[in-house]
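Only this structure's heavy atoms are used, side chains among them; waters, hydrogens and symmetry mates stay out. None of these values were measured; they are calculated from a predicted model. Naming convention: chains lettered A, B, ... in sequence-line order (proteins, then strands); numbering from 1 in each chain.
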Amino acid sequence: MAAQMTDGHRRFLQVLMSHGIMEGSVARTLHKDCCEIHKVYYAHDKLDDFISVVNLHLQPLFMQIRKGMSEDDGRTYYALVNLAETEITKMASDYTENELELFRKTMDLIILSESGFASSTNILNLADQLKTKKMKKKEAEQVLQNLVQDKWLSERDGEYTLHTRCIMEMEQYILNNYQDLARKCNICRSLAIQSQICETCGIGMHLPCAGKYFKAQTEPHCPHCNEFWPHEIPEINRPDSQLSSSASTERRGPSASGTRRR
Amino acid sequence: MAGPRRSQGPGPSQAEDASGEPCALGQRHLQRLAPAHVDQKVSELVQYLLVKDQKKIPIRRADILKNIIKDYKGVYSEIIKRASRTLQQVTMVFGLQLVEIDTKHHIYILVSNLPRLEGEDLKQDDSTAKLGLLTVILSFLFMKGNAAKESAVWEMLRRLRIDPGMRHEVFGDVKKLVTEEFVRQKYLEYNRIPHTDPPEFEFQWGARAAKETSKMQILRFVAKIQSKDPEAWSTQYNEAAAEVTATGGLFQDTRPLGDTGGASQGARRRNRSAHSQPERPVS
């Protein structure tokens, strides 16, 4: 593709970068606006082509606009990520050595957990065991807040997991470093931080992937070992409502397409 | 296409001997290893610039040396040489230009070279509100002849019901925001007025403000708020017009501020209702 960068592409990239991560429908609106403002050719279903042009030019800078899926709601998200797999260089520009160590140890807790969450208590207890430089609990709390604000972690009820943006940026790094300890979704084959796991054979699935796969099945069975799937199947509702495991009375049609993660 | 693994911290790199000093043997190693590592360093430098600038933190050469170049001082010039090529790529792809705002201390910011517009929605509302406040302050300073005493600025803000002595619902510690955050981000300068005792301070535009907006844009903002023609203020208009000529007419549009976020009309409307500001700032 010999397509050129236009100011429309540049504006899209600047805005995306300033947000860090952007939900699909917001990205589509931005695509439309950028094309309109700069009088660039626009087709409403050609966002991915538009992004490919940008990615072609981002390659020499070892960066990419990547498309991913939120583990919470299954929605599509776009983020600007580094292609260098081996280091968390983007974070390294923003955090000190011991803050990075705290983050890495938090990531350990999250990935090695069943639920994909680490409690704030457990994380704060790591603070005075840091090898680089010990940290007081108050300081660690502030670092956690910063990590949430910068969208590396997300917090729910006092527990922390990796933010979608973090998963998108660091998937390769995590798979390389944790190898078999990091779970992969049996359906979409991508890294799964939060997952439902078959108690018999151990395969895991993202919650949104499970929701889609088991949709309308009265007796869900594990796709791998065929045992009864013991977990509550998340309902796939409209894209803008959170997936909940409690039964919802409103089913508003088929789930949004494009939840497959590349 | 992954970059090579970055050295993790203190400890001799392969290009140095055990004491950490580049030795003659080390130099030869350095030359052999240089290309891939230099590319990686360049990539780290670009990341560093982008990340820092997103937070509006001006980038110092000293920090680049400390945080990025680190053990590779021997190939610093090579890194910088390749970096400028890479930065051209950054400019081409992102539309961002690296600008040195302090040539003595070598401090840089990234400035967007895209034409700026009204009604942009680049950052969260928190930043938009802050930039709205900043626009008001910059306007005040310009209309007052490019500088104003600290006390005058607080007085002006108090009339907008933003009291630096009290915690503000949106801005929090207003005094800290204006005298520290805006100053650190190079939007404002906060200088001691000589020969004053007790010491008094005055505000001026900072280097980033000068790069991200212009006198003409600020004047048009003031004119719009007051429903007048910019030419109604002949002194300021002449000054603004002279700046336009000097900069080759780069700033053509009407929006006062910002590449990454700005006081759009929508934001100003939101700000007014959020803070119950009167329609007109004092000029």
Side-chain angles (χ1 to χ4, degrees), chain A residues 4-20 22 26 29-30 33-34 36-38 53-65 80-98 100-101 104 131-132 146 149-150 169 172-173 176, chain B residues 1-10 39-57 59 63-64 67-68 82 85-96 110-124 126-127 253 258-262:
Chain A
Q4 296 284 9
M5 287 289 292
T6 65
D7 279 352
H9 295 92
R10 292 182 190 108
R11 186 173 296 278
F12 183 90
L13 183 54
Q14 280 189 24
V15 176
L16 178 61
M17 181 166 68
S18 79
H19 282 102
M22 198 178 263
V26 178
T29 307
L30 179 62
D33 291 345
C34 289
E36 268 169 27
I37 291 165
H38 295 284
V53 173
V54 180
N55 279 341
L56 187 70
H57 292 91
L58 282 174
Q59 252 191 335
L61 299 171
F62 300 106
M63 290 193 268
Q64 188 187 61
I65 297 176
L80 181 65
V81 303
N82 279 0
L83 292 178
E85 312 168 341
T86 54
E87 290 296 338
I88 39 183
T89 48
K90 196 176 275 175
M91 288 185 68
S93 301
D94 238 354
Y95 292 87
T96 62
E97 284 294 332
N98 67 340
L100 290 173
E101 193 193 342
R104 276 192 287 265
K131 292 200 186 82
T132 43
N146 294 345
Q149 193 166 53
D150 290 344
E169 175 115 21
Q172 240 358 90
Y173 169 84
N176 289 350
Chain B
M1 210 197 232
R5 188 174 286 274
R6 187 163 81 112
S7 64
Q8 271 283 12
D39 279 339
Q40 189 205 322
K41 283 294 164 189
V42 170
S43 170
E44 280 173 28
L45 176 61
V46 170
Q47 283 304 315
Y48 186 80
L49 295 175
L50 290 173
V51 168
K52 284 290 176 226
D53 199 72
Q54 278 303 297
K55 303 219 157 161
K56 300 277 187 222
I57 300 172
I59 305 134
D63 291 338
I64 295 176
N67 297 323
I68 307 291
R82 293 211 204 167
R85 266 179 260 149
T86 308
L87 286 171
Q88 280 171 28
Q89 182 76 6
V90 168
T91 301
M92 192 279 283
V93 185
F94 285 87
L96 293 172
L110 285 171
V111 177
S112 170
N113 58 22
L114 294 182
R116 288 177 221 141
L117 344 143
E118 303 241 30
E120 248 182 287
D121 176 22
L122 282 173
K123 269 241 173 95
Q124 307 97 352
D126 183 44
S127 290
D253 62 290
D259 47 342
T260 51

Query raised in the report: How many angstroms lie between atom CD of B/Q89 and atom CD of A/Q59, to the nearest 0.5 angstrom?
Result: 10.5 Å
**Report entry** Residue pair B/G95 / A/Q14: nearest heavy atoms and the distance that separates them
**Finding:** O-NE2, 3.2 Å
Query - chain A contact via B/I57 - side chain, backbone, both or neither, heavy atoms under 4.5 Å - result: neither
Query raised in the report: Using non-hydrogen atoms only, which part of B/V46 is less than 4.5 Å away from chain A: side chain, backbone, both, or neither?
Result: side chain
Report summary line: In short, A/M5 meets B/V93 closest at the heavy-atom pair CE-O, 3.0 Å
Query - Atom pair CD/CG of B/E44 and A/N82 - distance to nearest 0.5 Å - result: 10.0 Å
Report task. Please state whether the side chain, the backbone, both or neither of A/M17 comes within less than 4.5 Å of a heavy atom of chain B. Result -> both
Requested in this report: Report the distance from atom CG of B/L50 to atom CE of A/M63, rounding to the nearest 0.5 Å.
Outcome: 5.0 Å
**Report entry** chain A contact via B/V42 - side chain, backbone, both or neither, heavy atoms under 4.5 Å
**Finding:** neither
Report summary line: A/D150 meets the salt bridge (Lys or Arg N to Asp or Glu O under 4.0 Å) criterion, sequence neighbours left out, with B/K55
**Report entry** Which residues share a ring pair (Phe, Tyr, Trp, His ring centres under 6.0 Å) with A/F12, sequence neighbours left out
**Finding:** A/F50
Report task. Sort A/H57 into side chain, backbone, both or neither according to what part of it lies under 4.5 angstrom from a heavy atom of chain B. Result -> both
Report task. To the nearest 0.5 Å, tell me how far B/L96 CG sits from A/L13 CG. Result -> 8.0 Å
